[in-house]
Number of protein chains: 4
Amino acid sequence: MKKTEEELAACEKYQRILDAAVEVIAERGYFKSPVSEIAKRAGVADGTVYLYFKSKDDVLRTAIDRRFETFYQQIADAFVTIAGPREQLEYIAQVHLESYQVNRSMAVLLQTEMRQSAKFIAEFSHRHLARYIQTVREVVRRGQDMGIFRSDLSDGVVAHCMFGTIDELVSSAIFTGRIYDAKATAAQVMDVLLNGITATKA
Amino acid sequence: MKKTEEELAACEKYQRILDAAVEVIAERGYFKSPVSEIAKRAGVADGTVYLYFKSKDDVLRTAIDRRFETFYQQIADAFVTIAGPREQLEYIAQVHLESYQVNRSMAVLLQTEMRQSAKFIAEFSHRHLARYIQTVREVVRRGQDMGIFRSDLSDGVVAHCMFGTIDELVSSAIFTGRIYDAKATAAQVMDVLLNGITATKA
Amino acid sequence: MKKTEEELAACEKYQRILDAAVEVIAERGYFKSPVSEIAKRAGVADGTVYLYFKSKDDVLRTAIDRRFETFYQQIADAFVTIAGPREQLEYIAQVHLESYQVNRSMAVLLQTEMRQSAKFIAEFSHRHLARYIQTVREVVRRGQDMGIFRSDLSDGVVAHCMFGTIDELVSSAIFTGRIYDAKATAAQVMDVLLNGITATKA
Amino acid sequence: MKKTEEELAACEKYQRILDAAVEVIAERGYFKSPVSEIAKRAGVADGTVYLYFKSKDDVLRTAIDRRFETFYQQIADAFVTIAGPREQLEYIAQVHLESYQVNRSMAVLLQTEMRQSAKFIAEFSHRHLARYIQTVREVVRRGQDMGIFRSDLSDGVVAHCMFGTIDELVSSAIFTGRIYDAKATAAQVMDVLLNGITATKA
DNA sequence: CATGAATGAGACTTCATTCAT
DNA sequence: AATGAATGAAGTCTCATTCAT
């Protein structure tokens, strides 16, 4: 029984540290966020952080990993009931755009600290993005097979277009403080992506 | 004559420090790039960096500023002879995609350090991006006025779509090591942007 | 009990750092006393100094503050039983002259670093001296009211005379290495101050 | 002839550097006064300072030396016509008090930077003060021999009393910004010194 | 499990001094 | 004689991490 209590306590602290880290790092940047500050915000002693994580770096990586896990889980869950390629893309766009509202600190962090260095990105961040791209590519290919999407387009280029576009909108909203309506913006973005900007295709 | 030589020497060192900084920071990240390493790579003493720049931060800002200056200058020069909105967008896309080939270190740096912290971005980086967005928006509006582009689209959303898309392609290429043909890729991207991905608009 | 031990440890280190700082700075001067040297003499790591003090400056200020606190406390305590203005002045003179024997390093420091820069003095040191002057002035005024001291003299000038005189004797003793008997010297100084140097006022 | 011109130029620059150093050091303190700032204020290149002085330290020492030289010269000149011990002491007091008005920067410097460290004072500053004390002692002794001053007093103590008192008044005036009338203040100080503060010597 | 005092490597920056011109 | 660009040693301070309690 003790163990369970301890595990709960552990879990709670573990989570508190992660949350605190995301908050602090979003505010001050990774390299200006002392572990002591994260610990204080989490309500634990400095040393305690090292009971749950190997290093400061590990805290950041774990926080990002978990966020992406949640994101992909949400997509996977929804895809059970959303079948159409068009609708699936729209759903991804919406969740992506909503991410900024779910946890602003995390959104800031994803737009900034995840890009620590070429090495960090190459080894770590890219893995997460690759999964996003992969997911979209598959949907696009299915759409192409079904004749819904143009078959002369590279599914990779389309996927990067979509991710890049939405990522940039989130980024821009964060740094200008703009507020948007995730659903409406998703609709606009998808309109451009699906139909292009050329007038009167008569 | 002496003076000119001295000026050249000064300019040369100034430039060497900037180049070294871009290289080192691209490799290791800003916070893991000691000034001493930048100085060594530039072939000067540590203190010499501070003869030409106010601080380490100043070196990075200056390098980025100069890169953007060049970029916008190139666009402005070309716009004298390229008139059509469609062609102008294509040209921007192409130069943007080429940027990665002009100076890979600088491209890495733009994808990483320029987004280092929320504050840095809010105060500094955003200024450069805003100019990009502004340029594209103007072209889009002109295209809309001329009936070339759909008038029901927000020029802002279109601009963010375009920047985000291309930026993401550059980023992806950098971190995966993929090589692409700037002109061909620009054509593909613009095809998606202009015509959308929906099939058979019959 | 643990807590008390820890507090003692903390206090002990705090005190050790202060003592080391006073010693080192007295020997070498503030600007030629690296924190690393103070730490070494205190037997702690460099960084430890910053656990107890905000800055190198803070160490010096604290040391001086505490010294003056002790000084004024001693005066206040004694004034409970010493009532006569003449006797009170004599007591101040004596304690002032003894200060040099209590802690030579601190005496050196008061003669050097406390007057290191105009700014430092204006903002910090002057506060301590002002209190000295103020104390003496009050005694002098009381003596004037009681008819013991001449009423045609400015109490301010008298106070500065007294402080300046004794301070100079301490200073001179320190820098020449001269040894004096505090009580006897106090008596001589007060004789001059009280009676003047003019002969046979017949 | 050339030589003379050069010597003049040299002398002028030499003096300009000294003046600039006194000014800058009085404003910012010795250790916060870069040689480059002194050079700039003197209107010469950094390197030029080293044509006239061995080191930064040498500039400060020379400036102080010259000031004292002037001071003692003025005393010596006046003593030719001022013969009485009492009058001689009054004259010294007056010149000492005036020093603060002659060159405020230099006065500040004498009250601060001259006390760099125990070593500096022991080796350098004290020499100047010793001469002051010596001068006063001789006058006092002569006064004692002539029966003008009490013979039971140590001439050394009297000399320190006088120097300390006046030095403190100058110091206090500098750091509080107080303005005084040198002649009147000299009279007051000498009144205390000569007659003491005890009332009704009936 | 938890603590937090202590460590010490390492960062940025300043500046006295030199020396080629 | 004069310059001022360049040097590089040295200083203050931060902070990730450890470990005795």
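Every chain is numbered from 1 and lettered A, B, ... according to where its sequence line falls, protein lines coming before strand lines.
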With a cut-off of 3.5 Å and sequence neighbours excluded, list every side-chain donor-acceptor pair involving residues 34-41 of chain A.
| residue | atom | partner | partner atom | Å |
| --- | --- | --- | --- | --- |
| A/R41 | NH1 | A/E23 | OE1 | 2.8 |
| A/R41 | NH1 | A/E27 | OE2 | 3.2 |
| A/R41 | NH2 | A/E27 | OE1 | 3.2 |

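- Among residues two or more places apart in sequence or in another chain, the salt bridge (charged side-chain N to carboxylate O under 4.0 Å, His left out) test is passed with C/D65 by C/R127.
- Remark: B/H128 pairs with B/F68, B/F124 by the ring pair (Phe, Tyr, Trp, His ring centres under 6.0 Å) rule, at least two apart or across chains.
- Separating the NZ atom of D/K40 from the P atom of F/dT3 is a distance of 15 Å, rounded to the nearest angstrom.
- In this structure, CD of D/E37 is placed 14 Å from C1' of E/dT14, rounded to the nearest angstrom.
- Side-chain atoms of C/K56 come within 3.5 Å of backbone N or O of C/S33 as a donor-acceptor pair.
- The side chain of B/Y52 contributes no N or O atom lying less than 4.0 Å from OP1 or OP2 of F/dA5.
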Next item on the list: For DNA chain F, produce a single dot-bracket line, 5' to 3'. Pairs: Watson-Crick or G-U wobble, both distances under 3.5 Å. Symbols: ( ) within strand, [ ] crossing, | other strand, . unpaired.
Entry: .||||||||||||||||||||

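- Scored by the ring pair (Phe, Tyr, Trp, His ring centres under 6.0 Å) test, A/Y50 finds no partners at all (sequence neighbours excluded).
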Next item on the list: Go along nucleotides 8-13 of chain E 5' to 3' and tag each nucleotide: B for a protein heavy atom under 4.0 Å from its base, S when only backbone or sugar atoms are that close, - otherwise.
Entry: B--SSB

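- Residue pairs satisfying the salt bridge (Lys or Arg N to Asp or Glu O under 4.0 Å) criterion with at least one member in residues 103-117 of chain C, sequence neighbours excluded, are listed as follows: C/R115-C/D167.
- Using a 4.0 Å cut-off on heavy atoms, none of the residues of residues 17-25 of chain A approach DNA chain F.
- Between the C1' atom of E/dA5 and the CZ atom of C/R16 lies a distance of 13 Å, rounded to the nearest Å.
- For the pair B/K13 and F/dA6, the criterion of a side-chain N or O lying under 4.0 Å from OP1 or OP2 is met.
- Under the side-chain contact (heavy atoms from CB on, under 4.5 Å) criterion, D/D19 pairs with D/Q15, not counting sequence neighbours.
- Every residue meeting the side-chain contact (heavy atoms from CB on, under 4.5 Å) condition with A/K119, not counting sequence neighbours, appears here in chain and number order: A/S117, A/E123.
- One atom, CG of C/L60, and another, C1' of F/dT12, lie 15 Å apart when rounded to the nearest Å.
- Using a 4.0 Å heavy-atom cutoff across all strands shown, D/V49 reaches no nucleic acid atom at all.
- Rounded to whole Å, the distance from CG on D/L51 to P on F/dG4 is 13 Å.
- A/D57 pairs by the salt bridge (charged side-chain N to carboxylate O under 4.0 Å, His left out) definition with A/R61, not counting sequence neighbours.
- When the ring pair (Phe, Tyr, Trp, His ring centres under 6.0 Å) test is applied to A/F175, no partner is found at least two apart in sequence or on another chain.
- A 4.5 Å side-chain heavy-atom check between A/T62 and A/Y14 finds at least one atom pair inside the cut-off.
- Note: CD1 (A/I38) to P (F/dC15) measures 11 Å, nearest angstrom.
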